[in-house]
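Heads up: the structure comes next, in structure tokens.
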Amino acid sequence: MDVAEVIVPLLLPLIAWPAAHWAAPRLPPPWASWLLTASCVVLTIASTAALVVPVLAGLTLLPAIATADGVSPADLLDSGAVSIPLAAFCGLALVVLAISAWRSGLRYRAWFRALHTELDRHSRDGGVIIVPDREPVAFAVPGRGGRIVVSGGLLSALRPRERSALLAHEAAHLRLRHHVFLGAIAASCVLNPLVRPLGGTARFALERWADEVAAHRVGDRRILATAVAKAALATRTAVSFAPGAAGGHVPRRVAALLATPRPRSVLAPVALLGMAVVLGVTAGAAGTALDSATDLHADIEIARQGLCPPGGQETMLGQAAYREAAFVAVRQQNRQCAES
């Protein structure tokens, strides 16, 4: 198994992030949110698959598994299908990532339960819970029909129209189910830490999406920009796991709200180019992981049929060329057996 087939899917997020950082501000926020979230998920699936394949290859060396599959461990080693150091490294990485994901899941579960237990103590008026807290805070919480939490300290810092704009922003998060996007992004960042810069850009796109929906509903972009700026300046601590009006890069959000929206005819070519770049990098990661799995299957079939070359023959033909030729022979043998 080629080490590059493992390394490439792991490192491709480093290429995807600069492309996404350039494309995201030029895309409509809904497009950017979907594209970046999907890219995080696909890149993480590809990197996880790239780690799993060498581990599966290493497991085939165990006598019980090799006997059940009709493969000789010695033939697998001779064919180059298994790299014991690579399998050990990938196995260790998977264990570390699994522990990290488990701990993150427990933290989210504890936070979710504690928050809803606390919110159940307060009255709910039209889906909005006002907590008597001097510290300014506002966020949207999924579950139980969705809740918008605003502190009295933040409401006192805003004018009536700014309050309406702020609540419209939080309501947009709930209506568009942004917590699902955030969950997918958070899981991707845990399973592949190199996705985190891309995840940060995706979260910013979600905030911009909610901003645009709220601005359309309120009918005044400047009022929403003022409300977002005031909320960010007043808020001292961010709320974990929940989208809020003070999240993301606030100066860029305010600048986007105050800027004149560009016509869609100008955005379309740039949007398509940005999407093509990010999708190309993402597809490359998925393709590399798929090639790795395909090569493992080919090597196992070659070892099962006893087609591993004698010493030196693989060197003359080249490992990739011999694998392809041997795998074609295996498929022809299988086809002949099926026809007979």
Side-chain angles (χ1 to χ4, degrees), residues 29-30 33-34 36-37 40-41 101-158 162-190 199-200 202-218 224 227-250 253:
S33 300
W34 278 101
L36 297 176
T37 303
C40 288
V41 172
W102 176 258
R103 294 179 61 184
S104 297
L106 291 179
R107 284 198 302 269
Y108 174 77
R109 183 181 179 184
W111 171 85
F112 191 81
R113 287 185 172 182
L115 179 62
H116 277 289
T117 300
E118 176 65 25
L119 295 181
D120 288 340
R121 302 173 183 173
H122 301 279
S123 61
R124 175 175 174 175
D125 184 13
V128 179
I129 297 177
I130 300 176
V131 294
D133 194 339
R134 292 184 178 181
E135 182 177 357
V137 64
F139 56 93
V141 184
R144 304 185 187 182
R147 303 180 183 188
I148 297 174
V149 182
V150 185
S151 68
L154 182 57
L155 291 179
S156 63
L158 301 176
E162 294 169 350
R163 297 173 188 171
S164 300
L166 187 75
L167 294 177
H169 175 96
E170 302 300 346
H173 279 309
L174 289 176
R175 186 170 64 255
L176 298 171
R177 301 182 67 82
H178 284 173
H179 57 277
V180 178
F181 291 78
L182 291 174
I185 294 168
S188 300
C189 293
V190 171
R203 292 188 187 94
F204 174 77
L206 290 172
E207 292 297 334
R208 285 284 301 117
W209 188 0
D211 284 342
E212 291 299 325
V213 172
H216 178 74
R217 184 165 186 174
V218 174
L224 178 60
V228 169
K230 284 186 176 181
L233 290 173
T235 302
R236 297 180 179 86
T237 57
V239 179
S240 302
F241 304 114
H249 196 282
V250 175
R253 289 172 54 198

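Enclosure of atom CZ in Arg175 by more than 12 non-hydrogen atoms of other residues, nucleotides or ligands within 6.0 angstrom is indicated. For CZ of Arg217, the number of neighbouring non-hydrogen atoms (other residues, nucleotides, ligands) closer than 6.0 Å is 12 at most.
For Ala187, there are no side chain to side chain contact (heavy atoms under 4.5 Å, CB included) partners two or more places apart in sequence or in a different chain. In this structure, the side chain to side chain contact (heavy atoms under 4.5 Å, CB included) partners of Leu174, at least two apart in sequence or on a different chain, are Ala140, Ile148. Residues satisfying the side chain to side chain contact (heavy atoms under 4.5 Å, CB included) criterion with Ser151, sequence neighbours excluded, are Val131, Asp133, Val137, Leu154.
Using a 4.5 Å heavy-atom threshold, the side chains of Leu155 and Ile130 count as touching.
Looking at every heavy atom in both residues, Ala168 comes nearest to Val218 through CB-CG2, 4.1 Å. Nearest heavy-atom pair across Gly199 and Ile185 is CA-CG2, 3.7 Å. Closest non-hydrogen pair, Leu166 versus Ala231, comes out as CD1-CB, 4.2 Å. For the pair Ser33 and Leu206, the tightest heavy-atom approach, listed with the atom from each and the gap, is OG-N, 3.5 Å. Between Phe181 and Thr37 the shortest heavy-atom distance is CD2-OG1, 3.5 Å. Contact record, Ala184 with Val41: CB-CG2, 3.9 Å, taken as the closest heavy-atom pair.
Here Arg113 contributes atom CZ and Arg109 contributes atom CZ; the two are 4.0 Å apart, rounded to the nearest 0.5 Å. Distance CZ/Arg253 to CG/Asp211: 4.0 Å, rounded to 0.5 Å. Considering OG of Ser188 and CG of Leu36, their distance stands at 11.5 Å, rounded to 0.5 Å.
Judged purely by atom type and a 3.5 angstrom limit, Arg208 has no side-chain atom pairing as donor or acceptor with the backbone of Pro29. Checked by atom type and distance alone, the side chain of Arg147 never pairs as donor or acceptor with a backbone atom of Val141 at under 3.5 Å.
Ring orientation note: the planes of His169 and His173 are nearly perpendicular, at an angle over 60° on the 30°/60° scale.
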Where do Leu115 and Phe139 land on the side-chain contact (heavy atoms from CB on, under 4.5 Å) test, with the steps shown first?
CA-CA 12 Å; Leu115 179 62; Phe139 56 93; 3.9 Å; yes

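Glu207 and Arg203 are not joined by a salt bridge, as no carboxylate oxygen comes within less than 4.0 angstrom of a charged side-chain nitrogen.
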